[in-house]
Amino acid sequence: MPELPEVEAASRIARRAVRGETIAEVEVLHPAQRRSLPRRAAQALAGDRVTRVARRAKYQVLHLASGRSLVVHFRMAGDWGVTSPGESLPRHSRVALRFTSGRALVLVDPRALCTVTVVEAGDRPLPELGPEADRPSFSAAHLGRALRDRATAIKPLLLDQSIVAGIGNIYASEALWRARLDPRRPGRDVQPAEVKRVVAAVHRVMREALAHPERYYQDGEDGLRFRVYDREGQPCRRCRGPIQRITQAGRSTYWCPACQR
DNA sequence: ATAGGCCTGGAC
DNA sequence: GTCCAGGCCTAT
């Protein structure tokens with residue numbers, strides 16, 4: 001469940017569950033997870049205390065009393081589970097942070113692609129990231145500067161986390177539909193008025209999803225399901241034209257050729 | 001710019 | 001069986 005709004009919701013769950021808790025043991029339950037969290041690093045966490053849970057874009061940072069931090073990225077399909085003392089772990093549990101209280105914060109990750117890394121005090125915790133997609137600091141002026149001179153299409157540029165942080169494949173399509181902009185448009189050809197529309201659309205999509213932490217990804221009646229994503233061949237909700245799927249930078253893009261220009 | 005890799009599960 | 005998946009990294 002992992003774009004900015006879903007990671008924000010998850011980080012709130014983690015914050016409520018484990019702030020102030022002391023780590024008793026970190027269990028790595030899937031061998032692939034040791035690529036980011038080797039046995040030694042996991043063992044070294046015992047005894048440390050979680051002082052703060054923060055989120056930056058799609059990263060979650062568990063700050064520890066020692067000055068180290070635990071950086072978690074959900075990638076394609078991660079989520080948190082919280083278990084009470086004695087309770088069994090959910091299906092697809094890959095890493096379990098067990099606390100001295102008996103409670104556990106569990107990384108649930110069917111594909112085992114998530115990363116959990118220990119960052120030592122003073123080390124750079126995160127790669128270079130642009131402004132948060134839901135904030136005013138992600139502005140038309142900022143995006144306009146980033147797009148200038150870029151021959152790359154706007155859709156993949158919205159996925160570039162060093163330009164704007166937190167947008168993923170679904171919300172990129174959703175935002176461009178809202179902005180009525182052709183996802184194939186080269187960055188440098190996007191006019192100032194269109195840049196403004198894109199920024200407004202990204203803000204709107206992010207805010208809507210943040211306001212509905214669970215419902216957005218679910219099927220249903222609440223009118224919140226995707227406008228274009230995963231709707232190939234179905235009628236555009238604006239103009240009734242057929243939604244098309246194309247591949248850009250190796251990822252699916254959904255859009256309406258009739259009303260996105 | 002594109003392809004492949006990492007993993008597993010679900011849809012077909 | 002095949003293809004696809006909410007992300008990101010590396011190699012070509």
Side-chain angles (χ1 to χ4, degrees), chain A residues 1-11 28-38 55-60 71-81 89-95 106-117 124-130 133-134 149-177 183-188 202 205-206 208-210 212-219 224-234 243-255:
Chain A
M1 40 151 0
E3 297 186 34
L4 184 154
E6 295 76 35
V7 176
E8 172 62 20
S11 74
V28 180
L29 304 164
H30 189 294
Q33 230 87 48
R34 283 196 231 281
R35 284 180 291 119
S36 60
L37 187 64
R55 179 192 60 77
R56 170 80 170 103
K58 303 175 198 171
Y59 294 88
Q60 294 173 82
V71 177
V72 178
H73 195 297
F74 280 169
R75 295 285 183 119
M76 299 283 269
D79 199 4
W80 291 124
L89 302 182
R91 189 163 143 82
H92 304 311
S93 293
R94 303 308 190 199
V95 175
V106 187
L107 178 65
V108 179
D109 175 18
R111 295 175 67 179
L113 291 177
C114 293
T115 55
V116 180
T117 36
R124 284 203 70 186
L126 304 177
E128 185 200 333
L129 295 166
D134 66 322
D149 305 330
R150 299 294 302 265
T152 305
I154 179 70
K155 154 60 159 55
L157 288 173
L158 288 179
L159 295 179
D160 182 338
Q161 303 294 300
S162 70
I163 294 176
V164 51
I167 302 175
N169 201 41
I170 291 179
Y171 296 136
S173 281
E174 294 292 303
L176 288 172
W177 180 87
R184 304 169 303 177
R185 290 275 293 281
R188 61 181 171 214
V202 167
V205 166
M206 289 289 135
E208 262 184 25
L210 281 162
H212 302 276
E214 288 310 316
R215 276 188 304 173
Y216 206 91
Y217 275 63
Q218 291 169 6
D219 286 321
L224 252 187
R225 244 253 151 175
F226 313 132
R227 299 299 196 284
V228 278
Y229 185 83
D230 203 22
R231 298 194 65 241
E232 184 180 18
Q234 295 175 234
I243 299 303
Q244 187 176 17
R245 178 166 81 93
I246 57 175
T247 299
Q248 297 182 286
R251 324 270 326 260
S252 287
T253 299
Y254 295 85
W255 68 298

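All chains are named by letter (A, B, ...) in the order of the sequence lines, taking the proteins before the strands, and each is independently numbered beginning at 1.
Shown here are the salt bridge (charged side-chain N to carboxylate O under 4.0 Å, His left out) partners of A/Arg150, two or more places apart in sequence or in another chain: there are none. In this view, A/Arg184 and A/Asp182 satisfy the salt bridge (charged side-chain N to carboxylate O under 4.0 Å, His left out) rule, not counting sequence neighbours. With sequence neighbours excluded, the residues satisfying side chain to side chain contact (heavy atoms under 4.5 Å, CB included) with A/Ala165 are A/Arg56, A/Ala57, A/Leu129, A/Gln161. Under the side chain to side chain donor-acceptor pair (under 3.5 Å) criterion, A/Asp230 pairs with no residue, sequence neighbours left out. In this view, A/Tyr59 and A/His73 satisfy the ring pair (Phe, Tyr, Trp, His ring centres under 6.0 Å) rule, not counting sequence neighbours.
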Could you give the side-chain donor-acceptor pairs of residues 244-251 of chain A under 3.5 Å, partners two or more places apart or in another chain?
residue  : atom : partner  : partner atom : Å
A/Arg245 : NH1  : A/Ser252 : OG           : 2.7
A/Gln248 : OE1  : A/Thr253 : OG1          : 2.7
A/Gln248 : NE2  : A/Pro183 : O            : 3.2

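Atom CD of A/Glu128 and atom P of C/dC8 are 14 Å apart (whole Å). In this structure, the CG atom of A/Leu157 is 16 Å from the P atom of C/dG7, given to the nearest Å. One atom, CE of A/Met76, and another, P of C/dC4, lie 13 Å apart when rounded to the nearest Å. A/Asp79 has its CG atom 14 Å from the P atom of C/dG7, to the nearest Å. Between the CD1 atom of A/Ile170 and the P atom of C/dA5 there is a distance of 10 Å, given to the nearest Å. Counting to the nearest Å, the C1' atom of C/dA5 and the CZ atom of A/Phe74 are 17 Å from each other. Across the protein-nucleic acid pair, A/Gln248 atom CD and C/dA5 atom P stand 13 Å apart, rounded to whole Å. If you measure from atom CZ of A/Arg251 to atom C1' of C/dC8, you get 9 Å, rounded to the nearest angstrom.
When the C1' atom is used for both B/dA1 and C/dA5, the distance is 22 Å, rounded to whole Å. When the P atom is used for both C/dC8 and B/dG9, the distance is 22 Å, rounded to whole Å.
When the side-chain nitrogen and oxygen atoms of A/Thr115 are compared with OP1 and OP2 of C/dC8, none of them lie within a distance under 4.0 Å. Residue A/Ser252 places none of its side-chain N or O atoms closer than 4.0 Å to OP1 or OP2 of C/dC4.
Sorted by first then second residue, the salt bridge (Lys or Arg N to Asp or Glu O under 4.0 Å) pairs that include residues 106-117 of chain A, not counting sequence neighbours, number zero.
Using a 4.0 Å heavy-atom distance criterion, A/Gly250 is classed as making no nucleic acid contact.
Heavy atoms only, all atoms of each residue included: A/Glu3 and A/Asn169 are closest at OE2-N, 3.5 Å. Of all non-hydrogen atoms in A/Ala172 and A/Leu159, the two that sit nearest each other are CB-CD2, 3.9 Å.
Every stem involving DNA chain B, taken as at least 3 paired positions in a row under the Watson-Crick or G-U wobble test at 3.5 Å, is listed here: B:1-6 with C:7-12, B:8-12 with C:1-5.
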Query raised in the report: Which letter, B, S or -, goes with each nucleotide of nucleotides 5-12 of chain B from 5' to 3', with contact meaning a protein heavy atom under 4.0 Å?
Result: -BBBS---
